[in-house]
2 protein chains.
Amino acid sequence: MSKNYHHGSLRQALIEAALPVLKKKGIVGLSLRELAAELGVSHGAPYRHFKNKTALLEAIAVTGFNALQDICRKAMQDFPDDPRQQLYQAGMDYIFYVARNPEIADLMFRPGLSREESNTELQQAVNSAVGSLAAIIENGKQRKLYGDHQTMDLVLTSLSTVHGLAMFIAGGMLIDPASPESSIEALGKRVYNILLHGMAGE
Amino acid sequence: MSKNYHHGSLRQALIEAALPVLKKKGIVGLSLRELAAELGVSHGAPYRHFKNKTALLEAIAVTGFNALQDICRKAMQDFPDDPRQQLYQAGMDYIFYVARNPEIADLMFRPGLSREESNTELQQAVNSAVGSLAAIIENGKQRKLYGDHQTMDLVLTSLSTVHGLAMFIAGGMLIDPASPESSIEALGKRVYNILLHGMAGE
DNA sequence: GTTATTATGTAGACAGTTACTACTTTCTTG
DNA sequence: CAAGAAAGTAGTAACTGTCTACATAATAAC
């Protein structure tokens, strides 16, 4: 019997099913068996797609980096002639993405997840996303927008700032998490302004 | 028998014993039973000090925020008349702290850990640490170093940037983790310069 | 089209884990 | 020094990760 002995897309289904669980119960509370049951599949099935629980978490992190890359690319398409707007737009889109999916962002920049063998797929996703951000910075550099700072330094600074800000907003640690979108946008604009023109007086 | 039926400081011992395990095996690989065995104590003992595994992780996060607060206070003491040096020093000290203890920093800004009941002790540690950083910023504001930006915006921006940079260095995601201290310091200096004077050319 | 091969899912088992409960020992303090 | 709180022990139920052997389905080769 079993019209669908094969699930068809169990890998993707596992990733999607894990998200609400992570949001509600965190990494510790996530169980592969529970996911399997929820998807109506035997408890061993997930191991056909993920070597272990950590591998699933890393796969989720990959989706986050892919999203970051998409966001950067879209920003470049939307403002092909305005690298500063590219950067601002990408930053704000990323902040809203993290606000909507904090559990994904939580897994992205984390030394303590694998730490054993380096996950090539994850490393590659990181590199691609960073590359897209670097392209935005390079666009600006070609127009002499960023002084003589090194591209990598600018990438590091902007990515750190945006990701950190996004995590603070998502985690509600420093900011009222009930902030309306408009106030998040206002905060983003102020931080972007500081980032661009410096903490020191203008 | 049992000269030491009571361990004496099991809570602290658990926190310390957890660190190398976290560094080696990550959150998923940490087990309270293993810690108990390692400390020569029964498997139920840890639950006298921590409601569950997550509570232990949060306690470790608290130590991280306490360290951040100490770093800020020390910087203020060391350079009582130079708020910019206070900020730079605190930032670099924090970066080296994270490089030495990535597994602690990994637990600090994490929306997905508790997410159920808010941990008061953790929240308080966050507030204290942020307060110390805000004091450094305020010192600078009183000397008109930071234009008319809001203190909270400056705190958010600098903390995000420094923490993000520290995590990247600790995780070796964007930078060669084998970088000697000197090159980490050089990188920190460049990023601090960008943060202070802006990505845009000076 | 039948047949090998590979991908995917199942069933069972084992060791290890969380977290609870009831009990014992030690420390503290009135 | 006695009473009560704090800390540790022992046992256990339910669950989890992960392995292995097996079954089924999809694919590709012939």
Side-chain angles (χ1 to χ4, degrees), chain A residues 1-61 103 107 112-117 119 121, chain B residues 1-22 24-61 107 112-117 119 121:
Chain A
M1 58 168 55
S2 71
K3 177 169 54 186
N4 46 357
Y5 183 101
H6 282 75
H7 178 283
S9 54
L10 183 56
R11 192 191 141 96
Q12 186 58 28
L14 283 165
I15 290 177
E16 284 165 18
L19 298 183
V21 179
L22 282 174
K23 196 180 298 202
K24 219 171 295 178
K25 304 198 279 182
I27 292 178
V28 177
L30 180 75
S31 131
L32 291 188
R33 284 179 105 105
E34 184 189 342
L35 294 182
E38 192 180 320
L39 296 173
V41 98
S42 80
H43 67 260
Y47 288 86
R48 292 290 152 187
H49 300 274
F50 300 104
K51 166 168 139 283
N52 52 33
K53 182 175 165 179
T54 300
L56 169 60
L57 295 175
E58 287 179 347
I60 292 173
E103 69 283 358
L107 295 171
L113 239 190
S114 59
R115 210 56 180 160
E116 312 224 326
E117 325 97 60
N119 180 332
E121 192 195 3
Chain B
M1 61 166 52
S2 69
K3 176 169 53 188
N4 46 357
Y5 182 100
H6 282 75
H7 179 282
S9 53
L10 183 57
R11 192 191 140 95
Q12 186 59 28
L14 283 165
I15 290 177
E16 285 165 17
L19 298 183
V21 179
L22 282 174
K24 219 172 295 179
K25 302 198 280 181
I27 292 178
V28 177
L30 179 75
S31 129
L32 292 187
R33 280 180 109 100
E34 182 189 343
L35 294 182
E38 191 180 321
L39 296 172
V41 99
S42 81
H43 65 258
Y47 289 87
R48 292 289 152 189
H49 301 274
F50 300 105
K51 166 169 140 282
N52 52 35
K53 182 174 165 179
T54 300
L56 170 60
L57 296 176
E58 287 178 347
I60 292 172
L107 295 171
L113 238 191
S114 59
R115 209 57 179 159
E116 312 224 326
E117 326 95 62
N119 181 333
E121 192 196 2

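Numbers restart at 1 for each chain; the letters A, B, ... are given by sequence-line order, proteins then strands. Hydrogens, waters and symmetry mates are skipped; everything else that's a heavy atom, side chains included, is used.
When distances are taken from the side chain of Asn52(B) to each of dT9(D), dA19(C), dT10(C), the shortest belongs to dA19(C). Nearest to the side-chain atoms of His49(B) among the listed nucleotides dA7(D), dC22(D), dT17(C) stands dA7(D). For Ser42(B), counting side-chain heavy atoms from C-beta on, the closest listed nucleotide (dG8(D), dG9(C), dT18(D)) is dG8(D). Of the candidate nucleotides dA13(C), dG8(D), dG9(C), dG8(D) has the atom lying nearest to any side-chain atom of Leu10(B). Distance from the side chain of Lys53(A) is smallest for dG17(D) among the nucleotides dG17(D), dG9(C), dA19(C).
A sub-4.0 Å separation between OP1 or OP2 of dG17(D) and a side-chain N or O of Ser31(A) is present.
Nucleotide dC19(D) holds its C1' atom 11 Å from the CZ atom of Arg33(A), rounded to whole Å. Between the P atom of dT9(D) and the CG atom of Leu39(B) lies a distance of 11 Å, rounded to the nearest Å. Separating the CG atom of Leu30(B) from the P atom of dG17(D) is a distance of 15 Å, rounded to the nearest angstrom. Distance Glu34(B) CD to dT16(D) C1': 16 Å, rounded to the nearest Å. Remark: C1' of dC22(D) and CZ of Arg48(A) are 10 Å apart, rounded to the nearest angstrom. What separates OH of Tyr47(B) from P of dC23(C) is a distance of 21 Å, to the nearest Å. The interatomic distance linking Leu14(B) (CG) with dA7(D) (P) rounds to 12 Å, in whole Å. Spacing between atom CG of Leu35(A) and atom P of dG9(C) amounts to 14 Å, rounded to whole angstrom units.
Side-chain contact check for Leu35(B) versus Val41(B): every heavy-atom pair is 4.5 Å or farther apart. Residues Arg11(B) and Phe50(B) form a side-chain contact, since some pair of their non-hydrogen atoms from C-beta on lies under 4.5 Å apart.
Panel note: side chain Ser31(A), backbone Glu34(A); a donor-acceptor pair is recorded below 3.5 Å. The main-chain N or O of Ile27(B) is found under 3.5 Å from a side-chain atom of Lys53(B) such that the two form a donor-acceptor pair.
Note: Asn52(A) CG to Tyr47(A) OH = 7.0 Å, rounded to the nearest 0.5 Å.
You won't find any donor-acceptor pair under 3.5 Å spanning the side chain of Arg11(A) and the base of dT8(C), going by distance alone. At a cut-off of 3.5 angstrom, counting only N and O atoms as typed in the model, there is no donor on one side facing an acceptor on the other between the side-chain of His43(A) and the base of dG9(C).
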